[in-house]
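Reckoned from all heavy atoms, side chains included, excluding hydrogens, waters and symmetry mates. So that the names make sense, note that chain A is the first sequence line, chain B the second, and so on, each numbered from 1.
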There are 2 protein chains.
Amino acid sequence: MPGKQPATTPKRLSASLEDYLETIFHIIAEKQVARAKEIASTLKVSRSSVTEAFRSLSQKGLINYAPYEVITLTPAGQEMAKDVILRHRALKDFFIKVLAVGEKIAEEGACKIEHAAPKEIIERLTQFVSFIEQCPRGGSDLISGFTKYCQTGKTDKKCKECIAHCLEK
Amino acid sequence: MPGKQPATTPKRLSASLEDYLETIFHIIAEKQVARAKEIASTLKVSRSSVTEAFRSLSQKGLINYAPYEVITLTPAGQEMAKDVILRHRALKDFFIKVLAVGEKIAEEGACKIEHAAPKEIIERLTQFVSFIEQCPRGGSDLISGFTKYCQTGKTDKKCKECIAHCLEK
DNA sequence: GAATACTGTTAGCCATTCCTAAAAATATTT
DNA sequence: AAATATTTTTAGGAATGGCTAACAGTATTC
């Protein structure tokens with residue numbers, strides 16, 4: 001082995017650069033090539049801001065970039081982009097599946113929080129979602145109970161019935 | 001009535017200004033007076049940055065400020081500070097009580113996420129914590145089950161025993 | 001009350017991230 | 001292939017939020 005690659009993502013980027021990376025990844029996945037114009041419209045920034053972001057990401061070794069050429073993600077860039085997307089998904093999943101928040105707010109919240117949430121919390125959140133889905137005490141009963149609680153402010157009174165449901169599993 | 005006050009907090013401040021406001025509120029609560037020196041050391045910024053933040057917060061009508069004088073929060077500033085602190089607490093509570101995350105990470109995560117989380121999500125999170133504490137399916141059984149799940153990757157096998165616990169309540 | 005120490009402010013600087021307008025490169029059309 | 005259209009880059013500027021070093025006020029001590 002000539003030399004080991006950076007084992008893990010070293011530090012975290014600014015929220016802004018994470019957004020660019022995430023967007024680039026998604027556009028490449030969908031259309032093979034990520035063009036400045038589309039990145040700009042997705043992120044609602046000007047095309048010149050995209051150029052500057054390219055320079056910054058390239059200087060950090062996350063994308064391969066030369067003026068007027070097609071950009072690609074470096075291995076480090078791929079890893080980083082996937083990490084951001086993983087955080088995004090973990091958050092959105094939790095918001096929808098556990099908190100029963102609407103799709104729009106869930107997406108919006110994930111977009112913002114993904115840049116701030118420590119990895120330990122993302123991990124726990126992911127575990128919590130799968131726990132709730134698997135645990136007999138959890139599952140859809142718990143979630144529908146929570147939804148009801150949100151609407152009425154009270155926990156469901158038919159507890160025995162509900163626990164009977166639990167026992168069936 | 002001469003004119004109505006702004007009913008609710010209008011928009012959200014930058015993360016930085018929210019941090020200043022939060023810190024000012026806490027220091028005033030604790031020591032009556034918030035001095036630039038202490039704010040600086042709490043937030044790990046220079047004293048001159050604090051002066052600049054004072055100007056900005058004052059210009060936004062959130063603190064009363066005149067050079068060399070004691071600063072105070074305006075009613076709008078109080079409201080805003082309380083709102084930030086509420087978000088902080090809601091997040092930290094959730095991290096500790098539900099995700100069973102350590103105090104340090106919970107605090108750190110709350111500090112960062114509080115500036116990004118939409119209010120709808122904070123509300124749901126708060127409701128979820130109290131729901132889990134009240135619902136017979138939830139409570140300490142669920143949390144300890146989750147903790148076990150985090151450690152072992154499996155849900156607790158003693159389901160009947162656990163549901164029996166539920167029934168006792 | 002004068003000297004000293006401490007705190008707060010100003011001045012000037014830097015990085016980030018956005019912008020618009022103009023110029024350069026690339027792609028498309030005829 | 002020349003003209004036109006589109007895309008990308010450059011140039012120059014603004015706002016935010018941080019910094020250090022020097023200066024100005026306030027407080028304390030002798």
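Salt-bridge formation is detected for the pair A:Lys97/A:Asp93: a Lys NZ or Arg NE/NH1/NH2 atom is positioned less than 4.0 Å from an Asp or Glu carboxylate oxygen.
Ring-centre distance between B:Tyr20 and B:Tyr65: not below the 6.0 Å cut-off.
The A:Tyr20 side chain lies nearest to C:dC18 when the options are C:dT9, C:dC18, D:dT10. Closest to the side chain of A:Pro67, out of D:dT9, D:dG18, D:dG25, is D:dT9. Comparing C:dT9, D:dT7, C:dT17 against the side chain of A:Lys37 picks out D:dT7 as the nearest. Side chain of A:Arg55, nearest nucleotide from D:dT10, D:dT9, C:dT9: D:dT10.
Note: CD1 (A:Ile24) to P (D:dT8) measures 12 Å, nearest angstrom. Rounded to whole Å, atom C1' of D:dT8 lies 12 Å from atom CD1 of A:Ile71. Rounded to a whole Å, the CZ atom of A:Phe54 is 7 Å from the P atom of D:dT9. Here the P atom of nucleotide D:dT8 and the CD1 atom of A:Ile39 are 8 Å apart, to the nearest Å. Rounded to a whole Å, the NE2 atom of A:His115 is 15 Å from the C1' atom of C:dT16. Between the C1' atom of D:dT8 and the CD atom of A:Glu69 lies a distance of 13 Å, rounded to the nearest Å. Rounding to whole angstrom units, CD1 of residue A:Ile27 and P of D:dT7 are separated by 14 Å. Computed from coordinates, the A:Leu57 CG to D:dT9 P distance equals 13 Å when rounded to whole Å.
Not counting sequence neighbours, the partners of B:Lys60 by the side-chain contact (heavy atoms from CB on, under 4.5 Å) test are B:Leu13, B:Leu17, B:Ser56, B:Leu62.
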For residues 101-111 of chain A, which side-chain N or O atoms pair as donor and acceptor with protein atoms under 3.5 Å away, sequence neighbours left out?
residue	atom	partner	partner atom	Å
A:Glu103	OE2	A:Lys92	NZ	3.3
A:Glu107	OE1	A:His88	NE2	3.2
A:Glu107	OE1	A:Lys92	NZ	2.7
A:Glu107	OE2	A:His88	NE2	3.2

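Here the closest heavy-atom approach between residue B:Glu18 and residue B:Glu114 is recorded as OE1-O, 4.2 Å.
Between B:Ala66 and A:Lys60, the residue whose closest nucleotide on DNA chain C is further toward the 5' end is B:Ala66.
Proximity of A:Ser16 to the phosphate of C:dC18: a side-chain N or O atom is located under 4.0 Å from OP1 or OP2. Between B:Tyr68 and C:dC6 there is no side-chain N or O to OP1 or OP2 distance below 4.0 Å.
Residue contacts for B:Ser56: at a heavy-atom cut-off of 4.0 Å it reaches no nucleic acid atom on any strand shown.
A distance of 6.0 Å separates CG of A:Asp19 from CG of A:Leu43, quoted to the nearest 0.5 Å.
Contacts between residues 42-52 of chain B and DNA chain C, counted as heavy-atom distances below 4.0 Å, involve B:Arg47, B:Ser48, B:Thr51.
Neither side chain, B:Ser14 nor B:Ser16, offers a donor N or O lying under 3.5 Å from an acceptor on the other.
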